[in-house]
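What follows is a single structure, written as structure tokens, with notes after it.
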Amino acid sequence: MLLREHERALFTDRDEILAALHRNADLIQQGEGVNLALVGQWRIGKTMIVQRFADDLLHERHSPLVPVYFNVARNLSVPSVFAVRLLAAIGHSFVEADGRQVEQSGGVLDAASLLTVVDQTREETIVATARQVTREMEKDRPDERLLLEITLSCLEQTAQHTGRKPLVILDEFHNVTQLDSFPHIKDMLSVVGQALSRQIEVGYIVASSNTSMVKRTVQSATSPLFDQFQVVPVPPFDRAATAEFCRKSLPEHLLTQETIARLFEFTSGHPFYLNCLTTAMRRLDQDKTGGDVLDRAIYEEILTREGRIYQYCQHRLETSLAEARGRTTLRSVLLVLAEGGKQTLSEIAAPLKRTPGEVRSYLKRLADFDLIGREGHRYYITDPIIALWIKFTILEREPEYSEYKDAIRRYLDRLAEQAA
Ligand SMILES: Nc1ncnc2c1ncn2[C@@H]1O[C@H](COP(=O)(O)OP(=O)(O)O)[C@@H](O)[C@H]1O
Ligand SMILES: [Mg+2]
């Protein structure tokens with residue numbers, strides 16, 4: 001099982017996307033499916049969906065497909081180790097699809113630990129591939145591109161040999177391009193593209209929060225993955241799903257219609273924020289801190305350093321800015337947007353003493369991180385909670401609890417007014 005028990009217990013909705021994934025899985029089984037790309041904001045629930053799907057496929061439906069879940073970001077390493085870990089994941093999945101547990105101590109980083117996993121598959125093609133990988137790894141300078149190619153082509157061979165089709169789920173897919181910096185690889189998307197073009201028995205699902213990168217990759221005619229994936233957007237919860245989540249997550253006496261409505265308004269149905277706030281509400285309710293539990297939860301989660309939403313916002317900005325050139329100016333652009341809400345190029349440029357042209361190129365970079373959106377000529381921070389966090393923790397001093405509610409209310413009202 002990929003999802004833990006408590007995650008499965010809290011799992012809410014996503015019926016439509018799961019149904020689409022299962023329909024496609026049936027089609028893949030008949031040789032007619034497509035590859036899918038799930039895209040959506042950070043922590044909107046992509047991983048939960050694909051893991052739930054893989055669990056259901058295996059344990060509820062007893063499908064002949066073999067789901068192979070692989071988190072690209074978590075397995076990033078030098079290309080040879082990346083290939084070893086991918087092959088181990090493939091081996092792992094075939095053992096589990098056989099109804100057995102993998103016996104393994106520790107992680108897979110080298111050829112020896114790969115072989116202990118792969119031997120358990122009792123599957124010739126996978127074992128042969130692992131031996132080929134092992135031989136290549138013994139060289140002083142293994143051909144890293146070759147290692148990735150043989151690992152990927154093992155999927156098709158195994159399908160042909162066993163009659164069981166692998167359905168490969170590559171989570172955090174956009175990170176594959178991090179391997180481009182290795183001279184043997186140069187262009188990881190073309191390595192994947194080549195593998196795909198030779199495979200008929202293998203299905204792929206990728207998940208990514210980098211919507212712009214994924215769209216470019218599958219919709220631009222010059223991309224090696226052009227037209228190979230159908231894009232499936234993952235939206236936040238709607239009102240009904242938000243209510244269902246709250247019912248699972250909150251004790252009866254906190255579960256008023258008003259609380260649910262306020263949670264929906266405040267989080268826009270974003271599952272991660274909902275999870276943080278309801279978890280904090282349960283804790284505060286126990287603590288008997290007094291006051292309105294939801295107000296306190298919002299305050300502590302977003303505006304105090306210990307809050308999970310606080311830490312998430314900080315992490316999200318730091319990682320996005322760390323990768324970008326010109327991060328000081330990028331940061332300033334964000335501050336201007338957080339303070340003033342939706343604004344045009346020249347309105348953003350003026351206080352920064354930059355030309356609108358310069359600002360446009362910075363905005364484009366922020367859009368690549370899905371931090372900002374555009375409506376007509378005006379730009380804005382896509383996630384109002386991130387905007388709020390920037391405003392109250394970077395621009396201003398974090399307010400005391402007694403004054404924060406009015407401050408937040410005024411701010412959100414202003415953002416809403418501008419959106420209208
Ligand atoms: N369908 C869901 N049901 C219940 N909680 C969810 C659901 N989807 C997401 N969450 C909550 O949001 C968090 C982030 O979800 P995750 O799948 O990791 O997002 P992503 O992969 O898009 O970054 C989860 O840890 C969970 O708390
Ligand atoms: Mg994820």
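Just so you know, ligand 1 is whichever comes first in the structure, and atom 1 is the first atom listed for that ligand. Everything numeric here is computed off the predicted structure, so don't read it as measured data.
Taking a cut-off of under 4.0 Å to the non-hydrogen atoms of Phe245, the atoms of ligand 1 that pass are 4 (C), 5 (N). Listed by atom number, the atoms of ligand 1 under 4.0 Å from Arg14 heavy atoms are 1 (N). Distances below 4.0 Å separate heavy atoms of Phe272 from the following atoms of ligand 1: 12 (O). Close approach of ligand 1 to Asn275 is summarised as follows: ligand atoms under 4.0 Å from at least one heavy atom of the residue are 27 (O). Interface atoms of ligand 1 facing Pro271, defined by a heavy-atom separation under 4.0 Å, are 6 (C), 8 (N), 9 (C), 10 (N), 11 (C), 12 (O).
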Assess the residue pair Leu170 and Ile205 against the criterion (side-chain contact (heavy atoms from CB on, under 4.5 Å)); give the C-alpha distance rounded to whole Å, side-chain angles, the decisive distance to 0.1 Å, and a yes or no.
CA-CA 6 Å; Leu170 299 173; Ile205 297 174; over 6 Å; no
Using side-chain contact (heavy atoms from CB on, under 4.5 Å), reason through Ile348 and Leu363 one step at a time and then give a plain yes or no.
CA-CA 10 Å; Ile348 303 166; Leu363 287 167; 4.0 Å; yes
For Ile372 and Tyr362, run side-chain contact (heavy atoms from CB on, under 4.5 Å): C-alpha distance rounded to whole Å, both residues' side-chain angles, the deciding distance at 0.1 Å, then the answer.
CA-CA 11 Å; Ile372 63 157; Tyr362 283 107; over 6 Å; no
Residues Val66, Lys165; criterion side-chain contact (heavy atoms from CB on, under 4.5 Å); working and verdict:
CA-CA 6 Å; Val66 179; Lys165 301 181 184 188; over 6 Å; no
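A salt bridge does not link Asp383 with Arg43: every distance from a Lys NZ or Arg NE/NH1/NH2 to an Asp or Glu carboxylate oxygen is 4.0 Å or more.
Shown here are the protein N/O/S atoms lying under 2.8 Å from the Mg ion (ligand 2), water excluded: Thr47 OG1.
Residue contacts with ligand 1: Phe237 is placed with no nitrogen or oxygen under 3.5 Å of a nitrogen or oxygen of the ligand (distance criterion only). For the pair Phe11 and ligand 1, the shortest N or O to N or O distance does not fall below 3.5 Å. Close N/O approach between Thr47 and ligand 1 is found [any backbone or side-chain N/O within under 3.5 Å]. Polar contact with ligand 1: present for Lys46 (N/O pair, distance under 3.5 Å).
Between atom 15 (O) of ligand 1 and the options Ala9, Ser209, Gly45, the minimum heavy-atom separation is to Gly45.
Residue contact annotation: Ile44 has a non-hydrogen atom under 4.0 Å from ligand 1.
Judged by a 6.0 Å distance limit and a 45° cone about the ring axis, Arg8 is not positioned over the six-membered ring of Phe11.
Between Trp42 and His315, the closest side-chain pair of non-hydrogen atoms falls below 4.5 Å.
Using a 30° and 60° split on the angle between ring planes, Phe173 and Phe229 fall in the tilted class, from 30° to 60°. Between Tyr404 and Tyr299, the ring planes are tilted. Angles from 30° to 60° get that label.
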Check residues 235-246 and write down every donor-acceptor pair under 3.5 Å in which the side-chain atom is one partner and the other belongs to a residue at least two apart or another chain.
{"unit_1": "Asp238", "atom_1": "OD1", "unit_2": "Ala240", "atom_2": "N", "d": "3.2"}
{"unit_1": "Asp238", "atom_1": "OD1", "unit_2": "Ala241", "atom_2": "N", "d": "2.8"}
{"unit_1": "Thr242", "atom_1": "OG1", "unit_2": "Asp238", "atom_2": "O", "d": "2.8"}

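Protein heavy atom at the shortest distance from atom 25 (O) of ligand 1 is Met48 SD, 4.8 Å. The closest protein non-hydrogen atom to atom 23 (O) of ligand 1 is Arg43 N, 2.7 Å. The protein non-hydrogen atom at the shortest distance from atom 4 (C) of ligand 1 is Leu10 O, 3.2 Å. In terms of protein heavy-atom proximity, atom 1 (N) of ligand 1 is closest to Thr12 O, 3.0 Å.
Annotation for His377: atom NE2 does not count as buried by contact number, only 12 or fewer foreign heavy atoms lying within 6.0 Å. In Gln286, the CD atom is not crowded: 12 or fewer heavy atoms of neighbouring residues, nucleotides or ligands sit closer than 6.0 Å.
Aromatic ring centres of Phe70 and Phe82 lie closer together than 6.0 Å.
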